[in-house]
Amino acid sequence: MATSLIGTTPSWMRISKIPEVAPPSIFRQSCLFFHKRFRSRSFSISAAAEDKAVRVRFAPSPTGNLHVGGARTALFNYLFARSKGGKFVLRIEDTDLERSTKESEDALLRDLSWLGLHWDEGPGVGGDYGPYRQSERNSLYKQHAEKLLDSGYVYRCFCSNEELEKMKEIAKLKQLPPVYTGKWAAATDEEVQEELAKGTPYTYRFRVPKDGSLKINDLIRGEVSWNLDTLGDFVIMRSNGQPVYNFCVTVDDATMAISHVIRAEEHLPNTLRQALIYKALGFSMPSFAHVSLILAPDRSKLSKRHGATSVGQFREMGYLPQAMVNYLALLGWGDGTENEFFTLEQLVEKFSIGRVNKGGAIFDSTKLRWMNGQHLGALPSEELTKLVGEHWKSTGILTESEGTFILEAVQLLKDGIDLITDADKALSNLLSYPLLDTLNSPEAKPVLEDKLSEFSADLIAAYDSGELLGALEEGHAGWQKWVKNFGKSLKRKGKSLFMPLRVLLTGKLHGPDMGASVLLLHRAETCGVVAPEAGFVTLNERFKMLRQLDWEALIKDQSPLESAAAISN
């Protein structure tokens, strides 16, 4: 990627009209040096050489949860580094001391680890370019700020907040950009020393050339340029000695030998200030790639008002890390095929920064949920059973997390589970027995009118005789044999046999395989793995309810229900 500062000649920058510095000043030599460096010749700011070792960084601020946008930026950095055999660096930008917290940093590290985005250098890992927290690098920033002061690229600004506000107001009245007017840019040494002697607070301001422009060839967005006259001299060190974001980032990226800066497009305007600092310090520029924003369905910026937006929230909701990684990768990137299912290893193999889209990507929670279901279904049976079993135990539905019941329950219910948390509803539904609600529904009318009361009496007799329980003890083969014989005795088969059986044994008109469901209910009753508070209605309790049913009242109640349904329709 070529990056250049340009003026009257294409692809380079020429600086002119630098404010003259008053002769009696100890800054005279350094300002003249600055004048010569930027005015007397053309120059370019070039990106890191292509054959340079690839080093990328993810540099979040520990001021809140890891947003899905930040997670995607981390993922793209990780994939780029791994695909190029490079290093993925994690740097914590915690210079905002008031908002940065240890809890946020810990959560951030935990979320990145959960996603499988393990960093090569950074907190907890170390490396040759540390420390990896900005709060621990202040001496480095001050060292480079003093270097810029000595060379004339930076000067002390003693303007008060009131003066700066007045400048903004005047610029607004004149309909000009709110840039610094340069009041202290050409101050004499006597004026500076006078303010220092009085103890007047000061900032360090960077001298911005008044002519020319910056042009970069962004790896995603193509050519981007800015005019320098829109910027004004900007602060790099505050009056309290704390460095400003753009200065920290530039010094960090340069001293950590970052070769490619892959970040959100909202950082694109920062490139202008950072490019000037790179040049002034004599650092080579990295390549830049600015990733588009993640948008809500209404095409506004994704925010909390649209629902869950942080990685931690999705983890707590039961999403798998591999599904999150897969989905985030597809927000603005594709491999050029119709394939949408990727493992992290496959993403590393396929990823190319050139295939990242410029346009914003829509965050579709429905598709994310579907994709999670796909990844759940692709898990080995043992892994899925372990995940769901542990979840059932942790939520208090079951007293154990493994065993035959858990294995059979997962196999029966897995097709209806997109999220691990869906398993709770699926199992609770299986264990429940909403028979009266079902029989009182309009949909049950045909079943009820097909001599269901007589069918129920025959089923109760089969249970009381031990015939049904004996069949269930024999497993699937015993169940199938019993159903066949039971149907023959009633001269029923197909739907006329299986629908009343399902209603009376499960209490529902629909559900997973009936035979497997009844066998599982029998196992749950005999093994004692279901927690008392789970609302499990055993087979024994179900048959007690069947014996007490007032069938005549049920049939009569269907008439008003049918009328109400017709009116509502």
Side-chain angles (χ1 to χ4, degrees), residues 3-7 12-23 25-46 137-159 179-189 191-193 195-196 202-216 226-239 241-255 269-286:
T3 307
S4 58
L5 293 170
I6 58 176
W12 308 96
M13 178 183 124
R14 190 184 302 277
I15 301 298
S16 59
K17 301 179 183 176
I18 299 297
E20 294 299 327
V21 181
S25 169
I26 64 169
F27 287 101
R28 182 165 168 269
Q29 284 188 334
S30 60
C31 286
L32 286 174
F33 174 68
F34 172 87
H35 181 86
K36 290 176 182 177
R37 286 281 297 272
F38 280 91
R39 186 180 182 185
S40 62
R41 60 187 177 85
S42 300
F43 63 90
S44 66
I45 297 179
S46 302
R137 298 171 64 85
N138 276 333
S139 60
L140 188 67
Y141 306 136
K142 289 176 181 176
Q143 173 190 331
H144 284 87
E146 291 301 325
K147 180 180 177 182
L148 291 176
L149 181 66
D150 293 342
S151 61
Y153 286 105
V154 160
Y155 59 88
R156 293 184 179 91
C157 172
F158 296 91
C159 286
V179 297
Y180 180 66
T181 59
K183 176 182 177 182
W184 285 91
T188 65
D189 183 45
E191 290 171 327
V192 171
Q193 292 301 322
E195 296 301 323
L196 290 174
Y202 60 89
T203 59
Y204 281 10
R205 281 190 183 272
F206 190 95
R207 298 177 191 272
V208 177
K210 304 310 175 191
D211 292 333
S213 63
L214 169 72
K215 181 180 75 174
I216 67 167
W226 302 265
N227 290 326
L228 295 176
D229 60 7
T230 62
L231 184 57
D233 296 352
F234 57 89
V235 174
I236 66 164
M237 294 285 281
R238 299 183 181 89
S239 58
Q242 285 298 310
V244 170
Y245 170 78
N246 279 303
F247 184 59
C248 294
V249 168
T250 306
V251 171
D252 288 342
D253 285 344
T255 56
N270 294 328
T271 311
L272 177 53
R273 291 177 174 82
Q274 293 166 15
L276 291 168
I277 297 170
Y278 271 110
K279 179 61 184 177
L281 288 172
F283 294 134
S284 62
M285 284 273 283

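Below, each value reflects all heavy atoms present in this structure, side chains not excepted, and no hydrogens, waters or symmetry copies. None of the values given here were measured: they were computed from a predicted structure.
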Looking at [atom1] of [X] and [atom2] of [Y], how far apart are the two atoms once the value is rounded to the nearest 0.5 Å?
X	Y	atom1	atom2	value
Ile236	Ile277	CD1	CD1	6.0 Å
Thr250	Leu276	OG1	CG	9.5 Å
Thr203	Tyr180	OG1	OH	7.5 Å

- Message: Would the distance check show the side chain of Asp229 and the main-chain N or O of Lys210 forming a donor-acceptor pair, the cut-off being under 3.5 Å?
- Response: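 Looks like no, no N/O pair under 3.5 Å.
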- Query: With distance as the sole test, does Arg207 use its side chain to make a donor-acceptor pair with the main-chain N or O of Ala185 at under 3.5 Å?
  - Reply: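 Yes, because the side chain of Arg207 sits within donor-acceptor range (under 3.5 Å) of the backbone of Ala185.
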- Task: Can you see which heavy atom on Ala145 is nearest to which on Phe247, and at what distance?
- Result: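 Shortest heavy-atom separation between Ala145 and Phe247 comes out as N-CZ, 3.6 Å.
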- Query: Shortest non-hydrogen contact from Val235 to Met237?
  - Reply: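 Of all heavy-atom pairs spanning Val235 and Met237, the closest is CG1-O, 3.3 Å.
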- Please list, chain by chain and in numerical order, all residues satisfying side-chain hydrogen bond (donor to acceptor under 3.5 Å, both in side chains) with Gln242, sequence neighbours excluded.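 Scan of Gln242 (side-chain hydrogen bond (donor to acceptor under 3.5 Å, both in side chains), adjacent residues dropped) gives none.
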- Output all residues satisfying side-chain hydrogen bond (donor to acceptor under 3.5 Å, both in side chains) with Gln143, sequence neighbours left out; order by chain, then residue number.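 In terms of side-chain hydrogen bond (donor to acceptor under 3.5 Å, both in side chains), with neighbours along the sequence ignored, Gln143 is linked to no residue.
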- Query: Looking at the rings of Trp184 and Phe158, which for Trp means the six-membered one, are their centres under 6.0 Å apart?
  - Reply: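 Close enough - the centres of the two rings lie under 6.0 Å apart.
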- Query: Can you check side chain to side chain contact (heavy atoms under 4.5 Å, CB included) on Leu149 and Arg156, steps first, answer last?
  - Reply: CA-CA 8 Å; Leu149 181 66; Arg156 293 184 179 91; 3.7 Å; yes
- Message: Once side-chain contact (heavy atoms from CB on, under 4.5 Å) is applied, do any residues pair with Arg273, and if so which ones, sequence neighbours excluded?
- Response: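 With sequence neighbours excluded, Arg273 shows a side-chain contact (heavy atoms from CB on, under 4.5 Å) to Leu231, Phe234, Asn246, given in chain and number order.
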